[in-house]
Amino acid sequence: MSRSLIRAASVGVAALAIVLAGCSSSPAPAASGDAASGPAAEDYVTPGKFTVATGETAYEPYVIDDDPASGEGFEAAVAYAVADKLGFAADDVEWVRTSFEAAIAPGPKSFDVNIQQYTITDERKQGVDFSSPYYAASQSIVALKGGAADGVTDIAGLKDLTIGAMANSTSALTLEQVVDPDVEPRLYNSNEDATAALSAGQIDAIVLDTPTAYVAVNFYIENSFFVGELPKAGIEDEWGLLLAKDSPLTGAVTEAVDELREDGTLADLETEWLSGLTEGVTLLE
């Protein structure tokens with residue numbers, strides 16, 4: 001069982017807001033900005049430091065105990081692994097907090113990178129940069145026990161249900177293209193609004209990315225359960241580190257993420273922090 005599952009009980013009621021590394025002795029990046037040495041020191045928000053942003057409250061399994069500086073949790077660990085690839089010691093990583101929407105808005109940033117489950121989309125790329133993806137999340141169906149979705153075992157059983165999702169999200173696209181329900185889906189401004197509608201009995205089920213669905217079922221939506229995991233069917237919910245538009249760091253951060261993927265670090269971190277999220281969950285077909 002993953003460490004995130006062992007410690008996950010600490011999330012508790014704080015999961016309401018779902019959106020829903022030890023020290024390195026490596027030196028700080030060199031001051032020159034040529035291709036061989038990477039970005040210049042002045043390319044960072046604070047020279048000699050790697051400034052990483054996460055949510056105003058950061059939730060498990062991405063950050064344990066809302067303490068990203070601990071390096072505990074999937075995204076906290078990814079951030080420190082990227083910092084190490086860029087040549088920063090763990091002590092030179094500084095954390096700041098931002099809201100999800102404020103960070104993705106065009107304009108100057110208070111951080112070098114922001115990591116809080118940002119799906120890479122062409123629309124968002126108009127205002128910000130992204131690294132290559134560090135994670136690809138599947139989508140899952142969540143419902144209330146005893147409700148209309150209880151007992152559903154395949155996609156055909158979802159067709160006649162009223163299902164909700166966050167508008168303009170991979171969850172909504174997956175609902176439309178994979179489930180293709182006969183009943184018009186209900187789309188909401190946020191995952192929080194969608195889960196509130198489910199709890200109130202206004203819809204039969206919701207689609208969430210699988211890590212968020214795990215938090216919802218276990219810690220937030222009372223009397224809820226996983227109906228099942230949906231096939232990707234070519235729809236990828238790929239998460240990238242967010243940077244300012246045309247950031248001089250984008251290339252180096254992307255290279256760091258690519259190296260972490262190629263050397264197996266990302267897979268190891270996913271196993272450590274996210275394994276078990278779908279244990280016992282049916283893949284709907």
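For the single chain, residues carry numbers from 1 onward in sequence order. The figures that follow rest on heavy atoms only: side chains count, while hydrogens, waters and symmetry mates do not.
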Peer 1: With a 4.5 Å cut-off on side-chain heavy-atom distances among I, L, V, M, F, W and Y, is there a chain of contacts connecting Leu187 to Leu173?
Peer 2: no
Peer 1: Side chains of Glu101 and Ser190, heavy atoms from C-beta outward: is any pair under 4.5 Å?
Peer 2: no
Peer 1: Please answer whether the main-chain N or O of Thr57 pairs with a side-chain N or O of Asp66 as donor and acceptor at a distance below 3.5 Å.
Peer 2: no
Peer 1: Can you tell me how far the CG atom of Asp258 sits from the CZ atom of Arg261, to the nearest 0.5 Å?
Peer 2: 4.5 Å
Peer 1: If a pair satisfies side chain to side chain donor-acceptor pair (under 3.5 Å) and one of its residues is in residues 140-151, list it, with sequence neighbours excluded.
Peer 2: Ser140-Thr210
Peer 1: Start with the C-alpha distance between Gln139 and Ser171, add both sets of side-chain angles, then the distance that settles side chain to side chain donor-acceptor pair (under 3.5 Å), and finish with yes or no.
Peer 2: CA-CA 6 Å; Gln139 303 294 314; Ser171 297; 2.5 Å; yes
Peer 1: Can you find a pair of side-chain heavy atoms, one from Leu175 and one from Pro181, that are under 4.5 Å apart?
Peer 2: yes
Peer 1: Under the criterion side chain to side chain contact (heavy atoms under 4.5 Å, CB included), I'd like the reasoning laid out for Lys85 against Leu260: C-alpha separation, chi angles, the key distance, then a yes or no.
Peer 2: CA-CA 8 Å; Lys85 288 291 186 182; Leu260 293 169; 3.6 Å; yes
Peer 1: Where do Ala83 and Val93 come nearest, in terms of heavy atoms and distance?
Peer 2: CB-CG2, 3.6 Å
Peer 1: Examine distances only and state if a side-chain atom of Tyr80 and a backbone atom of Glu72 form a donor-acceptor pair shorter than 3.5 Å.
Peer 2: no
Peer 1: Are there over 12 heavy-atom neighbours, none belonging to Asp182, within less than 6.0 Å of that residue's CG?
Peer 2: yes
Peer 1: Using only atom types and a distance under 3.5 Å, with no angle test, would you say the side chain of Arg186 pairs donor to acceptor with the backbone of Ile163?
Peer 2: no
Peer 1: In the structure I gave you, are the side-chain heavy atoms of Val215 and Pro61 within less than 4.5 Å of one another anywhere?
Peer 2: yes
Peer 1: For Leu158 and Val152, which heavy atoms make the closest approach, and how far apart are they?
Peer 2: CD2-CG1, 3.8 Å
Peer 1: Would you check, one step at a time, whether the test salt bridge (Lys or Arg N to Asp or Glu O under 4.0 Å) holds for Asp129 with Lys109?
Peer 2: CA-CA 12 Å; Asp129 282 359; Lys109 306 301 180 189; over 6 Å; no
Peer 1: To the nearest 0.5 Å, what is the distance between CD1 (Ile115) and CG (Leu241)?
Peer 2: 4.5 Å
Peer 1: Should Leu274 and Tyr214 be marked as a side chain to side chain contact (heavy atoms under 4.5 Å, CB included) after you check the CA-CA gap, both sets of side-chain angles, and the distance that decides it?
Peer 2: CA-CA 10 Å; Leu274 302 182; Tyr214 171 84; over 6 Å; no
Peer 1: Side chains of Phe50 and Val82, heavy atoms from C-beta outward: is any pair under 4.5 Å?
Peer 2: yes
Peer 1: Counting only N and O atoms by type, is there a donor-acceptor contact under 3.5 Å from the side chain of Lys232 to the main-chain atoms of Ser138?
Peer 2: no
Peer 1: With no hydrogens and no angle check, is any side-chain donor or acceptor of Ser131 less than 3.5 Å from a backbone partner on Val253?
Peer 2: no
Peer 1: Report yes if the side chains of Tyr44 and Leu249 come closer than 4.5 Å at any heavy-atom pair, otherwise no.
Peer 2: yes
Peer 1: Could you tell me whether the side chain of Asp112 and the main chain of Thr51 form a donor-acceptor pair under 3.5 Å?
Peer 2: yes
Peer 1: Hey, is CG on Asp268 packed in by over 12 heavy atoms from elsewhere, all under 6.0 Å?
Peer 2: yes
Peer 1: Under the ring pair (Phe, Tyr, Trp, His ring centres under 6.0 Å) definition, can you give me all pairs with a residue in residues 107-127, not counting sequence neighbours?
Peer 2: Phe100-Tyr118
Peer 1: Do the side chains of Phe225 and Leu161 join up, straight or via other hydrophobic residues, at under 4.5 Å, putting them in one cluster?
Peer 2: yes
Peer 1: If you take all heavy atoms of Thr174 and Pro231, which pair is closest and at what distance?
Peer 2: CG2-O, 4.4 Å
Peer 1: More than 12 foreign heavy atoms under 6.0 Å from NZ of Lys125: is that the case here?
Peer 2: no
Peer 1: Hey, are the side chains of Lys159 and Asp180 touching, using non-hydrogen atoms and a 4.5 Å cut-off?
Peer 2: yes
Peer 1: Flag yes if Val227 and Ile155 sit in one hydrophobic cluster, no otherwise; membership is Ile, Leu, Val, Met, Phe, Trp, Tyr, and two members link when side-chain heavy atoms are under 4.5 Å apart.
Peer 2: yes
Peer 1: Find out whether Val63 and Trp95 are in side-chain contact, i.e. whether some heavy atom of one side chain is under 4.5 Å from a heavy atom of the other.
Peer 2: no
Peer 1: Decide yes or no on side chain to side chain contact (heavy atoms under 4.5 Å, CB included) for Tyr188 and Ile203, but give the supporting numbers first.
Peer 2: CA-CA 12 Å; Tyr188 299 88; Ile203 53 179; 3.4 Å; yes
Peer 1: Determine whether Thr121 and Thr170 make a side-chain contact, defined as any pair of heavy atoms from C-beta on separated by less than 4.5 Å.
Peer 2: no
Peer 1: Does Ser275 reach the main-chain N or O of Glu272 with its side chain, forming a donor-acceptor pair under 3.5 Å?
Peer 2: no
Peer 1: Is there a donor-acceptor pair under 3.5 Å between the side chain of Asp154 and the backbone N or O of Glu285?
Peer 2: no
Peer 1: What's the separation between atom CG in Asp193 and atom CE in Met166, rounded to the nearest 0.5 Å?
Peer 2: 10.0 Å
Peer 1: For Arg97 versus Ala58, what's the shortest heavy-atom pair and its separation?
Peer 2: NH1-N, 3.7 Å
Peer 1: Does the Thr250 side chain pair with the main chain of Ser247, one donor and one acceptor, at a distance under 3.5 Å?
Peer 2: yes
Peer 1: Any luck finding a side-chain donor-acceptor pair between Asp65 and Ser70 under 3.5 Å?
Peer 2: no
Peer 1: Can you name the nearest heavy-atom pair linking Gln116 to Gly55, along with the distance?
Peer 2: OE1-CA, 3.4 Å
Peer 1: Taking it one step at a time, do Ile206 and Ile221 satisfy side chain to side chain contact (heavy atoms under 4.5 Å, CB included)?
Peer 2: CA-CA 11 Å; Ile206 55 173; Ile221 307 178; 4.1 Å; yes
Peer 1: Given Glu75 and Tyr135, is the side chain to side chain donor-acceptor pair (under 3.5 Å) satisfied, shown in steps?
Peer 2: CA-CA 10 Å; Glu75 290 189 330; Tyr135 181 66; over 6 Å; no
Peer 1: Give, for atom OG1 of Thr119 and atom CG of Leu242, the distance between the pair rounded to the nearest 0.5 Å.
Peer 2: 11.5 Å
Peer 1: Atom OG1 in Thr195, atom CG in Leu208: separation rounded to 0.5 Å?
Peer 2: 7.0 Å
Peer 1: As an exercise, state the distance from OG1 of Thr54 to OH of Tyr62, rounded to the nearest 0.5 Å.
Peer 2: 10.5 Å
Peer 1: Taking all non-hydrogen atoms of both residues, which atom of Pro211 and which atom of Ala137 are closest, and how far apart?
Peer 2: CD-CB, 4.3 Å
